[in-house]
Amino acid sequence: KTMADTIEQLKDKLQALEADSGGNKDRKKLEVALELCAALAALDMKRGVVQYADLAIDLDGDCVPAHCFRAEALQAMAQQRPSSKAASKA
């Protein structure tokens, strides 16, 4: 099973949780979102990491791993771009 398969399974799990009306839903969604962050980070898919880190932060603003995933992904994205000064002059 590839990492991409794992990511798809986690996304499906998150979708299923959206429809679930059971208790503890947010906690479960938070766990799945963090698993997605880790899997996407392993594949260097930074935009996805930020997306699911944002979801985790929405669910729990004090979730340190989510803030870390988000910060690392954003920092890596910023380093990949040509310097922002050059981009803003264009």
Side-chain angles (χ1 to χ4, degrees):
K1 192 169 84 166
T2 67
M3 188 63 84
D5 292 335
T6 302
I7 290 168
E8 284 309 309
Q9 280 185 331
L10 287 167
K11 286 182 181 177
D12 290 345
K13 195 171 170 183
L14 201 56
Q15 287 285 306
L17 282 168
E18 283 295 342
D20 183 9
S21 59
N24 222 0
K25 179 167 94 171
D26 284 355
R27 189 92 229 140
K28 290 176 189 161
K29 280 168 54 178
L30 179 65
E31 288 169 13
V32 176
L34 290 174
E35 285 180 55
L36 273 162
C37 285
L40 290 162
L43 291 179
D44 208 29
M45 296 171 73
K46 297 172 196 69
R47 284 184 194 279
V49 173
V50 173
Q51 178 187 349
Y52 289 103
D54 280 342
L55 172 64
I57 291 165
D58 284 346
L59 292 164
D60 178 1
D62 297 327
C63 180
V64 172
H67 285 284
C68 291
F69 276 125
R70 186 173 190 280
E72 286 169 10
L74 288 173
Q75 186 177 7
M77 286 163 71
Q79 287 170 351
Q80 280 184 333
R81 272 197 220 126
S83 83
S84 54
K85 285 180 184 156
S88 66
K89 287 178 186 169

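Along the sequence shown, residues are numbered consecutively beginning with 1.
Residue pairs meeting the salt bridge (Lys or Arg N to Asp or Glu O under 4.0 Å) criterion with at least one member in residues 28-51, sequence neighbours excluded: Glu18-Lys29, Asp44-Lys46. Residue pairs meeting the salt bridge (Lys or Arg N to Asp or Glu O under 4.0 Å) criterion with at least one partner in residues 65-77, sequence neighbours excluded, are Asp54-Arg70.
Grouped by direct or indirect side-chain proximity (heavy atoms under 4.5 Å, Ile/Leu/Val/Met/Phe/Trp/Tyr only), Leu10 sits with Met3, Ile7, Leu14, Leu17, Leu30, Val32, Leu34, Leu36, Leu40, Leu43, Met45, Val49, Tyr52, Leu55, Leu59, Phe69.
Here CD of Glu8 is found 9.0 Å from OG1 of Thr2. Values are rounded to the nearest 0.5 Å.
Of the possible polar contacts, one joining the His67 side chain to the Gly61 backbone as a donor-acceptor pair under 3.5 Å is found.
Here the closest non-hydrogen pair linking Ala33 and Ala56 is CB-CB, 4.1 Å.
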